[in-house]
Amino acid sequence: MDPRVEKFMASIKARNPGENEFHQAVQEVAESLIPFIEENPKYKHAKILERIAEPERVILFRVPWLDDKGEIQINKGYRIEMNSAIGPYKGGLRFHPTVNLGILKFLAFEQVFKNSLTTLPMGGGKGGSDFDPKGKSDNEVMRFCQSFMTELSRHIGPNTDIPAGDIGVGGREIGYLFGQYKRLRNEFTGILTGKGINWGGSLIRPEATGYGATYFAQNMLETRGDTLKGKVVTISGSGNVAQFACQKVTEMGGKVVTLSDSSGYIYDPAGINEDKLAYVMELKNVRRGRIKEYAEKYGVEYFEGKRPWDIKCDVAMPNATENEISGEEAKELIRNGCYCVSEGANMPSTPDAITAYLEAGILYGPGKAANAGGVAVSGLEMTQNSMRLAWTREEVDTRLQVIMKNIHDTCVKYGKQQDGYINYVMGANIGGFIKVADSMLAHGVV
Ligand code: NDP
């Protein structure tokens with residue numbers, strides 16, 4: 001490791017002990033940025049990288065709620081307000097039992113760069129709870145959301161911090177959270193994004209992350225004169241991002257052959273077409289069942305406890321969670337002919353996996369670039385809320401495609417190597433950094 005990166009990381013680890021995912025995210029960025037900062041001493045003297053790695057504010061609170069048996073349950077609630085140099089804090093809420101400070105800080109840190117890349121005026125934040133919505137009744141989820149928002153409402157606002165969804169927080173949860181905020185404040189305002197279409201939401205917001213990651217894959221393929229048409233695509237996850245990535249890949253002529261959840265994956269060599277995807281959406285969004293049922297319904301193979309990276313494919317889209325592709329799995333993907341990875345999830349590839357992609361010279365779109373479509377359309381939802389107007393599907397989708405292309409071009413601008421290879425990791429990190437860093441310089445020591 002570059003000794004400058006090593007020294008910087010030693011101080012990050014000492015200041016943030018035990019926060020492994022946060023260390024991982026910062027190190028990936030530091031590896032791209034430290035050489036760049038050496039060439040641009042104004043950032044070095046102002047300690048921009050040191051400041052960017054420290055949240056502006058961390059809010060940690062108790063979330064007590066009553067379950068259906070009348071018993072009191074207690075969860076932890078968090079909001080990390082990471083950086084507001086270019087706009088109000090913006091980033092999702094995650095409800096999952098694995099949630100802890102280190103995971104949310106990694107997500108908030110990545111969000112700063114991602115939001116900057118979208119070209120929209122949004123700072124970075126992230127929040128959530130160790131609450132597990134799985135197996136809870138709708139009433140329990142509602143009572144939890146109401147308690148969570150009762151505290152969170154003191155810290156957010158349409159010009160301060162605007163949360164959205166993430167793992168475990170979909171349309172149902174956003175509805176309960178919004179309802180409680182409105183009731184507490186007696187105010188109908190764009191306090192969250194991902195809202196329902198009847199009450200301030202934007203068309204294409206649910207689709208945006210999956211569609212955006214697919215457009216990004218297409219943009220990457222185009223640099224090699226290629227397209228998604230006829231490509232075999234493996235997707236992990238079967239939630240919001242995975243479902244709409246599957247839809248868009250199919251629409252663009254590709255064939256999606258896998259989907260997964262935390263229990264295992266299904267392999268459908270014939271492809272997950274529109275009808276089968278409609279079944280998955282009903283299974284996951286309405287019945288809240290397991291992906292295994294797909295295998296039973298369509299008579300395909302199900303692999304319990306496994307991830308889909310040993311299946312032969314041209315393009316892989318990890319759309320479930322962090323660190324879901326190990327170095328070994330990345331090598332297996334490459335051995336099996338995969339030459340394009342577009343990340344719908346945040347940090348799904350381990351550092352070893354990223355090294356394997358870069359060494360093999362494949363197209364690799366890291367999450368902070370490839371999955372920025374979700375927050376970009378959240379930004380468009382905020383714009384529509386401010387104007388009290390609603391754009392058509394076509395208008396939002398066209399803007400999404402333009403934004404994804406701009407993000408891609410920014411990555412090319414800052415990531416193209418002398419031999420012509422596009423290092424999208426470097427491109428996204430440097431491209432996302434400059435606007436935030438220059439704004440921080442303009443604001444002085446704050
Ligand atoms: P959902 O909750 O809708 O779906 C998550 C999916 O991933 C489910 O299939 C879930 O399976 C699976 N999963 C979650 N945790 C694990 C785990 N530890 N191991 C294996 N599988 C797991 O979330 P989203 O689709 O919204 O989010 C997926 C990823 O995309 C996350 O990394 C998120 O941060 C990222 N992302 C999401 C955005 C959005 O707009 N929603 C925007 C940008 C990034 P199970 O049901 O069994 O838990």
Side-chain angles (χ1 to χ4, degrees), residues 21 61-78 92-101 103-104 107 126-152 163-180 192 194 196 206 209 235-244 246 258-266 277-297 302-308 319-324 344-346 348:
E21 291 82 3
F61 52 98
R62 176 170 73 199
V63 190
W65 56 282
L66 284 175
D67 69 16
D68 285 347
K69 294 191 213 104
E71 214 172 288
I72 299 169
Q73 301 288 339
I74 298 126
N75 287 99
K76 284 180 185 295
Y78 304 83
L93 296 171
R94 175 176 292 191
F95 293 168
H96 195 273
T98 56
V99 161
N100 59 37
L101 192 58
I103 288 185
L104 293 179
L107 289 162
K126 199 83 188 189
S129 173
D130 58 356
F131 173 75
D132 187 359
K134 249 188 252 140
K136 304 288 189 302
S137 70
D138 284 352
N139 279 332
E140 287 177 323
V141 171
M142 180 175 74
R143 286 195 293 273
F144 172 80
C145 288
Q146 290 176 339
S147 179
F148 184 86
M149 182 51 88
T150 301
E151 177 58 33
L152 187 70
D166 189 75
I167 292 178
V169 179
R172 174 181 63 169
E173 291 76 16
I174 293 288
Y176 295 148
L177 292 164
F178 182 81
Q180 182 71 353
L192 291 159
T209 309
I235 289 182
S236 65
S238 49
N240 171 273
V241 179
Q243 291 171 14
F244 289 108
C246 180
T258 65
L259 285 174
S260 71
D261 58 24
S262 51
S263 311
Y265 79 89
I266 57 103
L277 180 62
Y279 169 81
V280 172
M281 287 182 168
E282 205 265 334
L283 171 71
K284 285 288 169 184
N285 310 346
V286 183
R287 285 198 284 128
R288 299 186 188 273
R290 309 304 298 159
I291 201 67
K292 186 179 181 187
E293 294 172 50
Y294 179 105
E296 287 152 15
K297 172 145 176 97
Y302 170 69
F303 299 86
E304 176 81 24
K306 293 251 164 63
R307 304 190 284 219
N319 289 343
T321 193
E322 55 273 5
N323 290 330
E324 55 164 320
N346 284 308

Aromatic contact, Trp65 with Phe148 (centres under 6.0 Å): no
Over all atoms of both residues, closest heavy-atom pair of Tyr176 and Cys145: CB-CB, 3.6 Å
Identify the two heavy atoms, one from Ser137 and one from Asp68, that lie closest to each other, and give their separation to 0.1 Å. OG-OD2, 2.7 Å
Kindly say whether Asp166 contributes a backbone atom to a donor-acceptor pair with the side chain of Arg94 at under 3.5 angstrom? no
Output for pair (Ile74 CD1, Ser147 OG), nearest 0.5 Å, gives 10.0 Å
Which heavy atom of Leu152 sits nearest to which heavy atom of Pro163, and what is that distance? CD2-CG, 4.2 Å
Close side-chain approach of Leu93 to Leu177, heavy-atom, < 4.5 Å: yes
CZ of Arg143 to CG of Leu66, rounded to nearest 0.5 Å, is 6.5 Å
Could you tell me whether the side chain of Thr258 and the main chain of Ile266 form a donor-acceptor pair under 3.5 Å? no
Would Glu173 and Phe131 count as a side-chain contact (heavy atoms from CB on, under 4.5 Å) if you check the C-alpha gap in whole Å, the side-chain angles of each, and the deciding distance to 0.1 Å? CA-CA 12 Å; Glu173 291 76 16; Phe131 173 75; over 6 Å; no
Backbone N or O of Val99 within a donor-acceptor pair of the Asp130 side chain at under 3.5 Å? no
So do Pro133 and Glu140 actually touch side chain to side chain, heavy atoms under 4.5 Å? no
Is any side-chain heavy atom of Tyr279 closer than 4.5 Å to a side-chain heavy atom of Leu277? no
For the CG atom of Asn75 and the CG atom of Asp132, what is their distance to the nearest 0.5 Å? 9.0 Å
Flag the pair Val63 / Glu151 as yes when at least one side-chain heavy-atom distance between them is below 4.5 Å, and no otherwise. no
Pair up each side-chain donor or acceptor in residues 236-243 with any protein partner under 3.5 Å, not counting sequence neighbours, and list the distances.
residue: Ser236; atom: OG; partner: Asn319; partner atom: N; Å: 2.9
residue: Ser236; atom: OG; partner: Glu324; partner atom: OE1; Å: 2.7
residue: Ser236; atom: OG; partner: Glu324; partner atom: OE2; Å: 3.3
residue: Ser238; atom: OG; partner: Ser260; partner atom: O; Å: 2.8
residue: Asn240; atom: ND2; partner: Pro206; partner atom: O; Å: 3.0
residue: Gln243; atom: OE1; partner: Asn285; partner atom: ND2; Å: 3.1
residue: Gln243; atom: NE2; partner: Ser238; partner atom: O; Å: 3.0
residue: Gln243; atom: NE2; partner: Asn285; partner atom: OD1; Å: 2.9

Indicate whether the side chain of Arg290 and that of Ser262 have a donor and an acceptor atom separated by less than 3.5 Å. yes
Just by distance, with hydrogens left out, do Glu296 and Tyr294 show a side-chain donor and acceptor under 3.5 Å apart? no
Heavy atoms only: give me the nearest Pro64-Arg62 pair and the separation to one decimal. CD-O, 3.5 Å
About how many Å separate NZ of Lys76 and CG of Leu104, when rounded to the nearest 0.5 Å? 12.0 Å
Would a 4.5 Å heavy-atom cut-off, applied to side chains only, mark Leu101 and Tyr78 as touching? yes
What do the steps show when you test Met149 against Leu192 for side-chain contact (heavy atoms from CB on, under 4.5 Å), and what is the final call? CA-CA 11 Å; Met149 182 51 88; Leu192 291 159; 4.2 Å; yes
Taking the side chain as every heavy atom from C-beta outward, state whether Asp138 and Arg172 have any pair of such atoms under 4.5 Å apart. yes
Measuring from Lys136:NZ to Met142:CE, what's the distance to the nearest 0.5 Å? 15.5 Å
Calculate, to the nearest 0.5 Å, the distance between atoms CG and CD1 belonging to Asp67 and Ile72 respectively. 9.5 Å
Could you tell me if the ring centre of Phe95 sits under 6.0 Å from that of Phe144? yes
Which atom names give the shortest non-hydrogen contact between Ala295 and Tyr302, and what distance separates them? CB-CB, 3.6 Å
Close side-chain approach of Lys284 and Asp261, heavy atoms under 4.5 Å: yes
